[in-house]
Amino acid sequence: MLEKILVLLCLPSALAQHLCTPGASDGYKVRLSIKTALGDQAYVWNENEMFLFRATLAFAMRTHFNGQMYNVSNIVVCDETPRVSFWFVVTSPLDTSTLVDRKDVEEAVRKSRNRINSAFLLTDKTLEFIGIAPTLAAPVYPDPPPWLIVFGVVMGAVGAGIIILLVTSVLQKKRKKNEKSEGEDDEEDTRVKTVENGTASDGVYNMSFSDDERFTKM
Amino acid sequence: MKLVLPNPGLEDRIPSYEDLDRMEKEEAGDRPKWDNKAQYILTCVGFCIGIGNVWRFPYLCQSHGGGAFLIPYVILLVLEGMPLLLLEFAIGQRLRKGSVGVWRAISPYLTGVGVASMLVSLLIGLYYNTLIAWILWYLFNSFQSPLPWAQCPLNDNGTGFVPECQRSSAVDYYFYRVTLNSSASIVDSGGIHWPIVLCLLAAWTVMCVCYIRGIGTSGKAVYVTAILPYIVLAIFLIRGLTLKGALSGIKFLFTPDVDELMKPTTWLDAGAQVFYAFSLAWGGLISFSSYNPVHNNCMQDAVILSAITGLTSIYAATVTYTIIGFRATEKYDSCISDNIMTLLNAFELPEDSISTSNYDAAFNHLNSSSPDIILALDIKICDLQTLLSEGVEGTGLAFIVFTEAITQMPGSPAWSVLFFIMLLCLGISTLFGNIEGVVVPLKDLNMLPQKWPQEALTGVTCAVAFVISLLFAQHSGIYWVTLFDNFAGSVPLLTIGFFEMIAVVYIYGIDRFNEDLEFMVGYKPSIFWQVTWRFISPLIVLVILVFYLVTQVQEELTYLVWDPNSEEFPTLASVPYPSWINALIFLLAGVPSLAVPVYALCRLVFICSQSALIAATFNYIILYMRCQEATPVYSSTLMLVWCFWALTMHYKYSDGRCRATN
């Protein structure tokens, strides 16, 4: 009796095992590169890790098909290699001899890819599902583009510089003009004095000395 | 040697020694002056040290035998660069005019040399400022993390990268597609790319503001633009030496290959590089030197400048190759890692069974045991030497190789900003000399009114140049830049340099030149200068020019295009130029080179005074009308009289005084 029960229990898994073959049409190959991702802190791949993988995948299937009760036993794994790569297929919870369609598995994995990755501390590149291309993170394009901001700053500074330089040179010219006209007036006065008082060859006749003479005479 | 061509009226055209001393004492005239000697030296250093020192010299050095290339470089620096440098300094300081004024003073027939210098400076300035615009674009885009050229953009469904980017690389895609949006040929103009227009506007406005009062403002700006590159190079050197693979880059650069010295192309390239490195024949050096006091020691300046240029070239090459070595090592390591991963995946081996140290052994073992699988895998060959020598010249170095290296350094935005600020300063300081070599001749030739203030002259020149340089903002702009670089900046400069030396030595007179130097500096130039000025330097320049022309004429005219549809993509495809390019090349290279003889010829043929011509013709008509019944003897005598009259007028006014504007 006990043997019959045992056989009955083992039969589904045995039946299911033959569904998983490398290159199965509804299966996917998984490859993990733990040492590349984690280096010194890499964990060893063992049965427990495999159990976690199957549980995570069951979680992904449940999330995608809301309502259907996927279990760890529905995820069948085969062809494990020392590389840490293996094939898996997903059996339907209602009928363990039929496999879930490839596309559905792909959808489920895509949806929960982030959760599966973080369960193993890996990334899209180090936990590969061969055939399921990861949706890449779009590069963030801030709006307005930063280069326009820098361009605006530079042009503003340069424009201010041009205006300041032009204004200072105009002011300088005005100042020079005023000084020049003042200087010309002084020159004219001295020139006039020279013509009136001194002889042509002797230069400027200094008025102040002649005044003193008159006083001292007194 | 007393070979001097006859040059009547020279004494009247140039200031005498008494005039110079008097001008010096009175500080008469409104000619601008340097505030101090440091400003002058920094401006000249900035002019000579340009972007070419960073992206042309290191490539030449590495491709022509590494350390051995320094031998022809230094020899030609001393024999070709230094004499021509001193010649330009001394003639500018003595005659106290810009490039057109100096040659016109030596002989009115030589004004063509000044005109050619101006044309060359204008053409070079147009495309050089386009390079500055590209540098500004990269600088503006460096203020973000991650840098925009670090990653390819995604395709529509988000599962992969844009195919053009996937097939080439992120930096290639960013330069050719995002920055330039380059079309596939020079014929295909494709419209204007507006980000480049904005950057061109920024570039020309920055130039305008720095040069707005002539050397008054540019002299202040050079304190930053000439010194900052050295500081940034030092920072990069320290950072570069701490990076992995830097020493392999330096070793690659300086490993001497003495066999290269036997090839003539090495010496030719060294000579051409010295010539361009010193920015000779642009006219800017003559202008700058003319603002000096008369008794400035220009001989010392020439030697100092030559030494600084040579040392800076080597310094910049070292820094460049530390970064190149780092990038090549990174690429090599990632190539090996990819190969290891491929092998591990194919043979399902555990991860640490193959490492970089036992890669070769493991590969050979696997290859011998299962060669067919290996063949199917398409393993790439990783060769460090190939990686070190790829794409390391010109725009490829700055915008592709360096930007890629910077993305792999921690803190990349800061390094990117530093690098492009350095390139910007190098370019702007060269453009100061360039714009000086354009504005001053335009004023001397009366194409711009004399009465305008310096601000208006600079503004107009920059505005017109901006409009013309929109040619380079097209989608095919990069091909136009390459065209200008190859043809406007090569043959004409060599031709003008050659004519300059002939003019000073054989038309101005080497004896008079020696006396001038004795007056200005205090002692006569030594036998080294005499020999180089008279024979060696002109000979070297002539040899380089002839070889250049011969090789250019023999080659088929092709250029490299970025064509995603070509078979060699992502390598640039080599396509022939269209047929109308010959006319354009003649305009770029032929017109400035031929300006010298053509101007002299025109002047010889034309009777310079139009009034003398009119008077002579009038005279002849009157004589003829009086002697209408004259026999052939009389009319031929009249003809002879007219010819004699015309020739007299020509020789009387051949010193150029007949032009009202002289």
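Reckoned from all heavy atoms, side chains included, excluding hydrogens, waters and symmetry mates. Proteins get letters first, then strands, A, B, ... in listed order; numbering begins at 1 in each.
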K.L.:
Under 6.0 Å from the NZ atom of A/Lys29, do we count more than 12 heavy atoms belonging to anything else shown?
P.N.:
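More than 12 within 6.0 Å, yes.
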
K.L.:
Name the region of B/Pro153, side chain, backbone, both or neither, that has any atom closer than 4.5 Å to a heavy atom of chain A.
P.N.:
both

K.L.:
Pick one of side chain, backbone, both or neither for B/Leu344, based on which atoms fall under 4.5 Å of a heavy atom in chain A.
P.N.:
both

K.L.:
Could you give the distance from CG (A/Leu165) to CD (B/Glu455), rounded to the nearest 0.5 Å?
P.N.:
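It is 8.0 Å, given to the nearest 0.5 Å.
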
K.L.:
Take atom CZ of B/Arg167 as the centre, draw a 6.0 Å sphere, and report whether it contains more than 12 heavy atoms from other residues, nucleotides or ligands.
P.N.:
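Count over threshold, so yes.
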
K.L.:
Do side-chain atoms of B/Glu351 reach the backbone of A/Ile34 as a donor and acceptor pair under 3.5 angstrom?
P.N.:
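Present.
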
K.L.:
Which answer fits A/Ile132, side chain, backbone, both or neither, if we ask what part of it has an atom under 4.5 Å from a heavy atom of chain B?
P.N.:
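Contact with chain B is absent: no heavy atom of A/Ile132 under 4.5 Å.
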
K.L.:
With a cut-off of 6.0 Å (strictly less than), are more than 12 heavy atoms of other residues, nucleotides or ligands near CD of B/Gln450?
P.N.:
yes

K.L.:
Counting heavy-atom pairs under 4.5 Å to chain A, which of B/Asp352, B/Leu136, B/Leu201 comes out on top?
P.N.:
B/Asp352

K.L.:
Is any side-chain heavy atom of A/Ile162 closer than 4.5 Å to one of B/Thr205?
P.N.:
yes

K.L.:
By a 4.5 Å heavy-atom criterion (distance strictly below it), what part of B/Pro195 contacts chain A: side chain, backbone, both, or neither?
P.N.:
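Both parts, backbone and side chain.
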
K.L.:
Looking at A/Ser33, A/Ser85, A/Gly161, A/Pro145, which one has more heavy-atom pairs under 4.5 Å with chain B than the rest?
P.N.:
A/Ser33

K.L.:
Check whether any side-chain heavy atom of B/Glu348 sits under 4.5 Å from a side-chain heavy atom of A/Asp79, and report yes or no.
P.N.:
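SC-SC contact between B/Glu348 and A/Asp79 ruled out.
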
K.L.:
May I ask you to test the A/Ser169-B/Gln454 pair for a side-chain heavy-atom distance under 4.5 Å?
P.N.:
no

K.L.:
Does any part of the side chain of A/Leu166, heavy atoms only, come nearer than 4.5 Å to the side chain of B/Ile212, both counted from C-beta?
P.N.:
yes

K.L.:
Are A/Arg83 and B/Ser353 close enough that a side-chain donor and a side-chain acceptor fall under 3.5 Å?
P.N.:
no

K.L.:
Quick check: do A/Val154 and B/Phe140 have side-chain heavy atoms less than 4.5 Å from each other?
P.N.:
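Counting from C-beta outward, A/Val154 and B/Phe140 do come under 4.5 Å.
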
K.L.:
Between B/Phe143 and A/Pro146, what is the shortest heavy-atom contact and its length?
P.N.:
O-CB, 4.5 Å

K.L.:
For B/Thr217, is it the side chain, the backbone, both or neither that has a heavy atom under 4.5 Å from a heavy atom of chain A?
P.N.:
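The side chain, not the backbone.
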
K.L.:
Mark yes when over 12 heavy atoms from residues, nucleotides or ligands other than A/Asp101 sit less than 6.0 Å from its CG; otherwise mark no.
P.N.:
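Enclosed.
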
K.L.:
Indicate yes or no: at least one non-hydrogen side-chain atom of A/Trp147 is less than 4.5 angstrom from one of B/Leu198.
P.N.:
yes

K.L.:
Might you confirm whether atom OH of B/Tyr223 has over 12 heavy atoms from other residues, nucleotides or ligands at distances under 6.0 Å?
P.N.:
yes

